[in-house]
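Below: one structure, written as structure tokens.
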Amino acid sequence: MEMIMGALILITGGYLLYATKNTQPYIIAKIVIVLACIPLGIVGLKKKNKALTVIALLGFFYVLGIALTKSITLTKQKIEVPAAVSDESSSASEGIIQENADNALSNAKAIYEQECSRCHGIDGKQGLAGAKDLTASQLSDAQKKEMILKGRGVMAGYEGRLSEQEIDNLVLYINTLKK
Ligand code: HEC
């Protein structure tokens, strides 16, 4: 019995040391209850008074409960919930952005395969009629956009035939073609 009491005092004492950095009400409650239960327990053991010892033990269990739940009512606080919700919503909007990007790319892929692949090839490397290997292009995105808008030589410009957005997406798409 005295061994158990000793162990409990050590454990709760450890918890107290570990958590006295802040002054939440549950920590003050822990300290007060431990300070009250130590003499109660000692007196209970010395006088072989079962009631006192049991009260002291219950006190220590209650303190352990407080330490574990960080709450006087032993109910876990759910502070993490709003964080989790905002996490979910931000990953939902990220998901939508990602989906839009995927859609833009797959639209651009469809346009590319219909309009551009007959000269540039599906992989961008065909080089028909002097077309440049798109995967080896040294042009900046702005220059590629200009090239697609205005065309040059054999390649007719797509100004008026494709929207600016479609051309932007085409530039993104041809940048994804593997070398
Ligand atoms: C009729 C054949 C033909 C078609 C169709 C065509 N191109 Fe071209 N493309 C060329 C030729 C030829 C060149 C090289 C022009 C030059 O530099 O004189 C070129 C050059 C380019 C360049 C510049 C590459 C570089 O590094 O100089 C880009 C980018 C390009 N094409 C994209 C496209 C896209 C996107 C489409 C479809 C919307 C397309 N082309 C359709 C023939 C074509």
Side-chain angles (χ1 to χ4, degrees), residues 11-31 61-179:
I11 292 168
T12 48
Y15 257 110
L16 282 175
L17 278 180
Y18 167 71
T20 31
K21 276 162 269 160
N22 47 48
T23 51
Q24 300 275 331
Y26 73 92
I27 291 171
I28 296 164
K30 276 196 310 197
I31 296 171
F61 281 125
Y62 179 59
V63 166
L64 270 179
I66 292 178
L68 290 172
T69 58
K70 297 197 189 320
S71 143
I72 301 175
T73 54
L74 305 190
T75 48
K76 278 247 183 232
Q77 286 153 334
K78 284 172 181 150
I79 307 165
E80 328 85 57
V81 168
V85 166
S86 75
D87 253 31
E88 257 167 41
S89 66
S90 80
S91 70
S93 56
E94 269 164 33
I96 291 166
I97 291 167
Q98 186 57 45
E99 222 169 272
N100 282 340
D102 290 348
N103 282 341
L105 274 186
S106 68
N107 284 344
K109 182 174 194 276
I111 295 171
Y112 179 88
E113 284 171 3
Q114 196 185 331
E115 293 290 333
C116 327
S117 65
R118 65 195 161 94
C119 296
H120 291 286
I122 294 288
D123 61 1
K125 293 179 186 158
Q126 183 167 280
L128 197 83
K132 300 268 168 69
D133 178 347
L134 293 181
T135 66
S137 176
Q138 301 295 310
L139 299 183
S140 70
D141 287 356
Q143 289 171 312
K144 286 176 188 166
K145 186 177 173 183
E146 183 71 11
M147 182 73 192
I148 299 166
L149 269 172
K150 305 287 180 204
R152 191 191 297 154
V154 188
M155 179 175 159
Y158 285 84
E159 198 166 20
R161 288 196 280 160
L162 294 175
S163 74
E164 190 153 338
Q165 185 64 59
E166 285 170 325
I167 293 176
D168 283 339
N169 292 340
L170 269 172
V171 171
L172 290 179
Y173 175 70
I174 59 182
N175 286 343
T176 69
L177 295 173
K178 295 275 176 314
K179 289 208 167 69

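In listed order, ligands and their atoms are each counted from 1.
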Does K109 NZ have over 12 foreign heavy atoms under 6.0 Å away? no
In Å, rounded to the nearest 0.5 Å, how long is the span from OH of Y158 to CG of L170? 9.0 Å
At what distance, to the nearest 0.5 angstrom, does CE of M147 lie from CD1 of I167? 12.0 Å
Could you name the protein residues that come within less than 4.0 Å of ligand 1, counting only heavy atoms, and order them by chain and residue number? E115, C116, R118, C119, H120, A129, G130, A131, K132, L134, S137, L139, K144, M147, I148, R152, V154, M155, Y158, L170, I174
Beyond-backbone contact of K178 with T135, side-chain heavy atoms, under 4.5 angstrom: no
Under 4.0 Å between a side-chain nitrogen and a carboxylate oxygen: does that hold for D168 and K145? yes
Taking atom types as modelled and ignoring hydrogens, do the side chains of E99 and N103 form a donor-acceptor contact shorter than 3.5 angstrom? no
